[in-house]
Every structure is written in structure tokens, then in C-alpha cells.
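One structure is given below, encoded as C-alpha cells.
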Amino acid sequence: MGLNVPDNLARELALANRILYDQQIVDGLGHVSLRHPDDPSLFLLSCSRAPALVRPEDIVCYRADGSALDTEAPRPYLERFIHAEIYRARPDVQSVVHSHSLCVIPFACVQQPLRPIFHMAGFLGEGSAHFEIRDAAGDTDMLISNAYLGEALARSLGSRSCVLMRGHGSTVVGTSLRQGVYRAIYAETNARLQLSAQSLGDPVYLNPREAQLASDANDGQIDRSWNLWLQRLGPLDFRA
Ligand code: MN
């Protein structure tokens, strides 16, 4: 295992990667991270590998500036600054998931927030935040490849749980790894349902109080979904 990467967390993070792929939230790209429980200035994230292929030994411990603790660590993700800067800006956040999941992207392009269409998406009660990279840096390759852009993204996220990134994808945060994975999955589902409801008429969304109550109720049941998602993975090429 890598320098300062606890075995149990490396396994859990590898499983989170596999689940996000199986649930079609990430493909060859996209990533999920976890704040280090022993040192809040550090976070755990895979080296540059497709999420479906991530093994516990691929998990690397990074500092807040995006540098790896282990000088021998393999090549990192270009967009690790998404994670680094959100952890720096949001002490409450314990996990970050960045993806290009398909149904969310149109909302980002028309600057329309995701709003909670059903109880599973109560975490969207405040609506999603919007990030326009052009405002931060003009014309770019759209990637959050440095601390400056990561900081701008974290500022756009503010206190919310989800930020849509125009022309790119989205990032969700959670207070645990499993909650982060849950939110990434249900942000995508909500986008699909919101689009479908809007084609029928003017949707009634959960109001802020309903959203909060639903979110609190769901948080107690995330392990049930997690176990199902895990079961779908079948035999793994590492010990779960
Ligand atoms: Mn990306």
C-alpha cells in the first residue's frame, strides 16, 4: 500500500471506483476521493487509471497542493485540483466525486440548476451550483488542471452539494465516501427525471424542508444501496 494510505480505506476507495463505473457515472475518466481521516490536510485518490481498473495499490495520498506524499507515486490525474481545492474550502466535506455523467451535462450548458425531483435527491435541495470556466480563465481545454481553476470551482460550489461544470461535467461532495458515491449516482438519475418531467409540464420540486427531511432519511439507508451496488460487481481482482 502507498505511503500513509490505510489498507481498509484503499479497499473502500477502490470499490467506490468500481461501483461508479458499474453505475455508469464514470467511464475511462472521472474520479472519486476521500479526505484522510488522520490528517484533514491530506486526501486519498487513485493514480491516473480508469476507475473500473482501480485497485487498492493504486490509491495515493496527496497534499492540499496536489502533490503526492510519496515521491515515487505513479502519474496523478490532471484534475486532482478539483479535490484538493474543495477539501481546502469545505472542512465539512469528506468525499468528492467528479464525473462526466451524461444527463447532467445539458443542464450545465443551459445554466439550469438540478432541483430535487424526488426524495432520493433531497441533497439537491438548494439546487446545484454552476461553474463557468470561461469567467475564471477565458478559453481553456475545460480541464481543472491547476490550483487556480480548482479554487474557482470550489468558490462556485460554495456551500452546495453539487456543481455543474459547463461543457464538461459535474462534481458532487459528501460527508462520507458512500454518501459521495450515492450523490453522484442520484444527481445523474435526478437529471434524467428532471428532463423528462419538464417535457411533460412544470414540475413541482421538493421544497427546501422536504428536501432536508428526505436527505436525512436517506442518509440512514445508504449502506443498503451500497451493498447492492457492491454485489453487482461480482468477483474482483483484489480482496474486498
Ligand atoms: Mn473532468
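Just so we're clear, the structure is a prediction, and the values are computed from it rather than from any experiment. For ligands, and for the atoms within them, numbers begin at 1 and follow the listed sequence.
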Q. Tally of protein N/O/S atoms under 2.8 Å from the Mn ion (ligand 1)?
A. 4

Q | Flag for Ser33-Tyr87: side-chain donor and acceptor within less than 3.5 Å | A | yes

Q: Give the minimum heavy-atom separation between Glu188 and Ser101, together with the two atoms involved.
A: OE1-OG, 2.7 Å

Q) Does anything in residues 142-196 pair up under ring pair (Phe, Tyr, Trp, His ring centres under 6.0 Å), and if so which pairs, sequence neighbours excluded? A) His98-His168, His100-His168, Tyr182-Tyr186

(Q) Going by the rule side-chain hydrogen bond (donor to acceptor under 3.5 Å, both in side chains), which residues pair with Asn207 if we only count those two or more places apart in sequence or in a different chain? (A) none

Q. With side chains defined as the heavy atoms from C-beta onward, is the minimum distance between Arg232 and Gln23 less than 4.5 Å?
A. yes

(Q) Could you list the cluster mates of Leu228? Members are the ILVMFWY residues connected by side-chain heavy atoms closer than 4.5 Å, either directly or through other members. (A) none

